[in-house]
Each structure stands twice: as C-alpha cells, then as structure tokens.
Amino acid sequence: MATVKFKDVSPYKKSQPLPPTQDYLYQKYLEDLALKKEIQHPKIKLALFGVGRAGAIHLSNIVNNPRVKLVYIVDDYESNWKNLKEYWHFEDVTFLNSKQADKVYNDSNVDAVIVATPTYTHEVIVRKALEGKKAVFCEKPIAEDNVSSLKCYDTARKVSKPLFCAFNRRFDPSYAAVKERVRSGEIGHVHVIKTVSRDSPLPSIDYLKISGGIFHDCMVHDFDTITWILGEYPVKLWFFGKRGVNVNFVSCNNFHANICPQVAAQAYAHIPEIKAIDDYDTVVVTLYFPSGTLGMVDVSRNSAYGYDQRLEVFGPKGMIVANNEQTNGVNSHNGVQGIISAPIWYSFASRFMNGYRRELDHFINVVLGKTEPSVLPKEILAVSKIATACEESVRTGKMVEINWAPNELL
C-alpha cells in the first residue's frame, strides 16, 4: 500500500502525449489513415533504367509507392524480362533494351527517369533524358568524371528539369538524426567524427571491375556523410597507399581558414583478386578540418559478420553515436555464454532500405515542385573531387594539388 498515494487520474482524463517526431513510420500511418488528399498528388510516370544491384532496390520501392506509376523498364538482360513481368505482375509496363531507349526520351507521357545502370552508361542516359524534358534521379556518380558531370548539370539548368543524385545515407533516419542533433549544438563544436563502413557480402569481382574503385564506390559515402554533418571540406590530404609501400600526399587550398585541413590514409589489398584488378579492399583515412575537427574513415570490402555501418561524433558536451542496427531486438541468455543478440543487417540493401525509400519520396516531391533537392550539385561534385584526388595520389605516388573555387565550397 506504500505507493497508493502516487496513483494518478485516469489517462483518459488527461491530454494524450503527441507521438515523437522521430517516429516517421507512425506519421506515414496517420497520413494513410486520414487519406489526406492534400498530401497526395497525381502519380508521376516513371521509367527505370537498370534492374541490377541498385536498380532492384529502386524497382521494389517504385512498385510500393502509391505516388508513382512505372511505365518503362530499360534493361539489356532480355532473358530476365519474363521473370520480372511474372514476379511483379507487370501487365502494363513496357520493357526495352538500351538501343530502344529513345522511345522513353521521346515519350511526353514520362515525367521522370531513375538511372541505376553501370557507371559508364550514366552520362548518355542522363543527358538524353534531360533533353527529353524528364526529371532525372541518377545513382552516383552522374558521369565518370566531374567535367562530364558538370555538363549534365548544365543541361539540367538549361531545360529547367531537376537532376538529382542522392547519397542514401543522408536519408537514413539514424544518420539524419545525428546530423540534426550535431547542427543543433547538442555536443558543441565537433572535436572528432568517425565512420565505419565495412561491406557485406563481398562484392563480385565482375562488379568491382566496373565499380569505379573503392574510393569512388565506397568512400564517397563516408566523405559525404562527414562533410554533410560538419558543413566543411578537408582541403589538405596526405595519403599513404599500400599494395606495395607507396607514400603519397594530397593537398588543397582552403578559402575558409588560414589553416589547411589534412587527411592521412593507409590502403591495402589483402584479397589477391582485388589486388589483381589494381584496387584496394581495406582503407583507413584520417582528416583534419579548418575548424580543428578531426575525422576518421574505416572502410573494408569484406566484413564477415554483416554490414558494419557506424557513425560517432564527439564534442566537449558529449557524444552522439549511430550504432549498427540489428535484424530484431531479441536477446537470449543461455547458460554462462552471456547474451546472444540478433545479427546486424547483412547488406546495404537491408540496412539502408528506409534511406532508399525516403530518398525516392524526396525525389517525387522535387518532381512535383513541393521542395528543392536537398543534395546540391556542388556537394556531389566536391565529394567526387576529393575521391579522385585520393585515387590519383595513391596511384601515382605524387603530391596532388586541389584548387577549390569559392563557389565549390559549402
């Protein structure tokens, strides 16, 4: 009876608490439940180029998004068309190969295209789609080099159509929450920021041959995450690349401060097949920023225990961490072997599923004119420029100067 005095009135007599804003799934449920017509719009008509590694993720999200009508699939693996039609019940979707893609570009009924084909095909598809007055969502990179990417963005400006290239981690709820809390000053000026990105499963050699290399395929995500959170770029980079023992340096100019941020990295190819294609499987990078913030990026192509993705930001007021997410929240206690928990997500397709869904919703809003793209062209180009400098330095063993124009910086 000692706690009877603490009894409260019935919760029905009190105002109900509002759901936390972080519960985006509940917010979506409320919208669906209320059938809020002002939230919905006529479906945008879409063409998808490529249904492979990334395209399959986009395809699933398109099919399950009520604001999208898929009109075309463009893919050169014609032997797979029948299976796709049967699996997804595509009675009214037109399948084309790349030689027939002009039908998409010339179809005024198509509002937008998503490009998820191999990197070397991106530029042509992007430019032709834009010239056909389509909005474009392209997997990174826009093109094989920044000069060509810039031409694509110029085309987008000329035809007044959006060209959206997203880094899906920005749309991941956990990473987005870290950025918001850092920018609110919760931990003060950031002293250290770290990312861990270890791939699972090990990508095929066929994929790695056309991936663009570990710097452009993997590390661009980490460079983007860190610079997006901090709002500044590293501008002096030192690289120590290893397949033998090569010491390399990269430096760049900074227009924001008199001191130059620095990056130090070590790279190695432990896997013979990856070494044979002149790439790396393990890279560690340290960064020094103009504001005094230090950064670290830890990347591997081969994580045996799942898709290891962690983010940590430390400052004088505390620390914010996005840990690995698990497949479920169940723990078991058996004997004296301690706590056994569920595995972390196995691959990027599962770990960042929500990020992919949210970036598609963002693109739809951009196409409908409800918002501006949250990923700016200069951010895409800057991250690619950093990765290119790293790659060139490791390859040549020489110092590389990067000159940033004022309009390239954040």
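Bear in mind that the values here come from a model prediction, so they are computed numbers and not experimental data.
Separation of atoms CD1 (I364) and CZ (R67) is listed at 4.5 Å; rounding is to 0.5 Å. A distance of 5.5 Å separates CG in L360 from CD1 in I114, rounded to the nearest 0.5 Å. Atoms CG and OG, on D308 and S300 in that order, are 9.0 Å from each other to the nearest 0.5 Å. To the nearest 0.5 Å, atom CG of residue L48 and atom CD1 of residue I62 are 4.5 Å apart. Interatomic distance, CZ of F49 versus CG of L46, reported as 10.0 Å (0.5 Å rounding). In this structure, I193 CD1 and T227 OG1 are separated by 9.0 Å, a value rounded to the nearest 0.5 Å.
Between the side chains of D76 and S98, at least one donor N or O sits under 3.5 Å from an acceptor N or O. For the 3.5 Å distance criterion, the side chains of N61 and Y356 fail to qualify, holding no donor opposite an acceptor. Using a 3.5 Å distance cut-off with no hydrogens or angles, the side chains of S374 and H362 do pair a donor with an acceptor. Under 3.5 Å, the side chains of N168 and R351 contain no donor-acceptor pair of N or O atoms. Between the side chains of Y305 and R198, at least one donor N or O sits under 3.5 Å from an acceptor N or O. Between the side chains of E144 and T119, no donor-acceptor pair of N or O atoms lies under 3.5 Å. Side chains of Q309 and N324: a donor-acceptor N/O pair is absent below 3.5 angstrom, by distance only. With hydrogens and angles left out, the side-chain atoms of D361 and N65 include a donor and acceptor closer than 3.5 Å. Between the side chains of S291 and E232, at least one donor-acceptor pair of N or O atoms lies under 3.5 Å.
Proximity of a side-chain donor or acceptor of N146 to a complementary backbone N or O of L381 within less than 3.5 Å is detected. In this structure, D145 contributes its side chain and S148 its backbone to a donor-acceptor pair below 3.5 Å. With hydrogens and angles disregarded, a donor-acceptor distance shorter than 3.5 Å links the side chain of T121 to the backbone of P118. In terms of modelled atom types and a separation under 3.5 Å, the side chain of Q16 and the main chain of P11 share a donor-acceptor contact. A donor-acceptor pair under 3.5 Å is formed between the side chain of D281 and the backbone N or O of H270. Checked by atom type and distance alone, the side chain of T388 pairs as donor or acceptor with a backbone atom of S384 at under 3.5 Å. S347 places no side-chain N or O within donor-acceptor distance of the main-chain N or O of S350, the cut-off being under 3.5 Å. No donor-acceptor pair under 3.5 Å is formed between the side chain of T282 and the backbone N or O of A267. A donor-acceptor pair under 3.5 Å is formed between the side chain of T155 and the backbone N or O of K151. A donor-acceptor contact shorter than 3.5 Å links the side chain of D75 to the backbone of V51.
With ring centers used as reference points, Y307 lies 6.0 Å or more from W345.
Crowding of Q27 atom CD: a count of heavy atoms from other residues, nucleotides or ligands under 6.0 Å exceeding 12. Atom OH of Y77 is surrounded by 12 or fewer heavy atoms from other residues, nucleotides or ligands within 6.0 Å. Atom CD of Q337 has more than 12 neighbouring heavy atoms from other residues, nucleotides or ligands inside a 6.0 Å radius.
Counting heavy atoms from C-beta outward, V284 and V297 have side chains that stay 4.5 Å or more apart. Residues V93 and K85 fail the side-chain proximity criterion, which asks for heavy atoms closer than 4.5 Å. Side-chain contact check for V71 versus T94: every heavy-atom pair is 4.5 Å or farther apart. Annotation: side chain of F314 is not in contact with side chain of I187 (no heavy-atom distance under 4.5 Å). Side-chain contact between E325 and I344 is absent, with no heavy-atom pair separated by less than 4.5 Å. Side-chain contact between Q100 and F95: absent, with no pair of heavy atoms (C-beta onward) separated by less than 4.5 Å.
Pairs engaging residues 326-346 under the salt bridge (charged side-chain N to carboxylate O under 4.0 Å, His left out) rule: none recorded [sequence neighbours left out]. Listed by first and then second residue, the salt bridge (charged side-chain N to carboxylate O under 4.0 Å, His left out) pairs involving residues 156-171 are D154-R157, R169-D222, R170-D224, R170-E379 (not counting sequence neighbours). Under the ring-ring contact (aromatic ring centres under 6.0 Å, His included) criterion, no residue pair touches residues 320-341, with sequence neighbours excluded. Under the salt bridge (charged side-chain N to carboxylate O under 4.0 Å, His left out) criterion, no residue pair touches residues 101-121, with sequence neighbours excluded. The ring-ring contact (aromatic ring centres under 6.0 Å, His included) contacts involving residues 119-144 comprise H58-F137, F137-F164, F137-F363, where partners must be two or more places apart or lie in separate chains.
Taking the six-membered ring where the residue is Trp, Y26 and Y29 present tilted rings, their angle falling between 30° and 60°.
By the side chain to side chain contact (heavy atoms under 4.5 Å, CB included) test, K82 pairs with E86, sequence neighbours left out. E312 pairs by the side chain to side chain contact (heavy atoms under 4.5 Å, CB included) definition with K194, M319, V321, not counting sequence neighbours. For R357, the side chain to side chain donor-acceptor pair (under 3.5 Å) criterion is met by no residue, not counting sequence neighbours. Partners of K140 under the side chain to side chain contact (heavy atoms under 4.5 Å, CB included) rule, at least two apart in sequence or in another chain, are C165, F167, D217, V220, H221. For N80, there are no side chain to side chain donor-acceptor pair (under 3.5 Å) partners, not counting sequence neighbours. Every residue meeting the salt bridge (charged side-chain N to carboxylate O under 4.0 Å, His left out) condition with K69, not counting sequence neighbours, appears here in chain and number order: D92. In this structure A322 satisfies the side chain to side chain contact (heavy atoms under 4.5 Å, CB included) test together with S174, Y175, V178, L311, sequence neighbours excluded.
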Under the side chain to side chain contact (heavy atoms under 4.5 Å, CB included) rule, what do C152 and L163 come out as? Steps first, then yes or no, please. CA-CA 8 Å; C152 291; L163 171 53; 3.8 Å; yes
Let's go through W81 and I73 carefully: what are the C-alpha distance in whole Å and the side-chain angles of both, what is the deciding distance for side chain to side chain contact (heavy atoms under 4.5 Å, CB included) to 0.1 Å, and is it a yes or a no? CA-CA 9 Å; W81 289 2; I73 288 178; 5.7 Å; no
Working note: F223 + Y233, criterion side chain to side chain contact (heavy atoms under 4.5 Å, CB included); need CA distance, chi angles, decisive distance, verdict. CA-CA 9 Å; F223 295 148; Y233 291 134; over 6 Å; no
Going through the distances and angles, do S211 and R301 end up as a side chain to side chain contact (heavy atoms under 4.5 Å, CB included)? CA-CA 12 Å; S211 69; R301 283 291 194 187; 3.7 Å; yes
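Stacking of R358 on the aromatic ring of Y24 is recorded, both the 6.0 Å distance cut-off and the 45° axial limit being met.
Using a cut-off of 4.0 Å between Lys/Arg side-chain N and Asp/Glu carboxylate O, K209 and D279 are scored as not salt-bridged.
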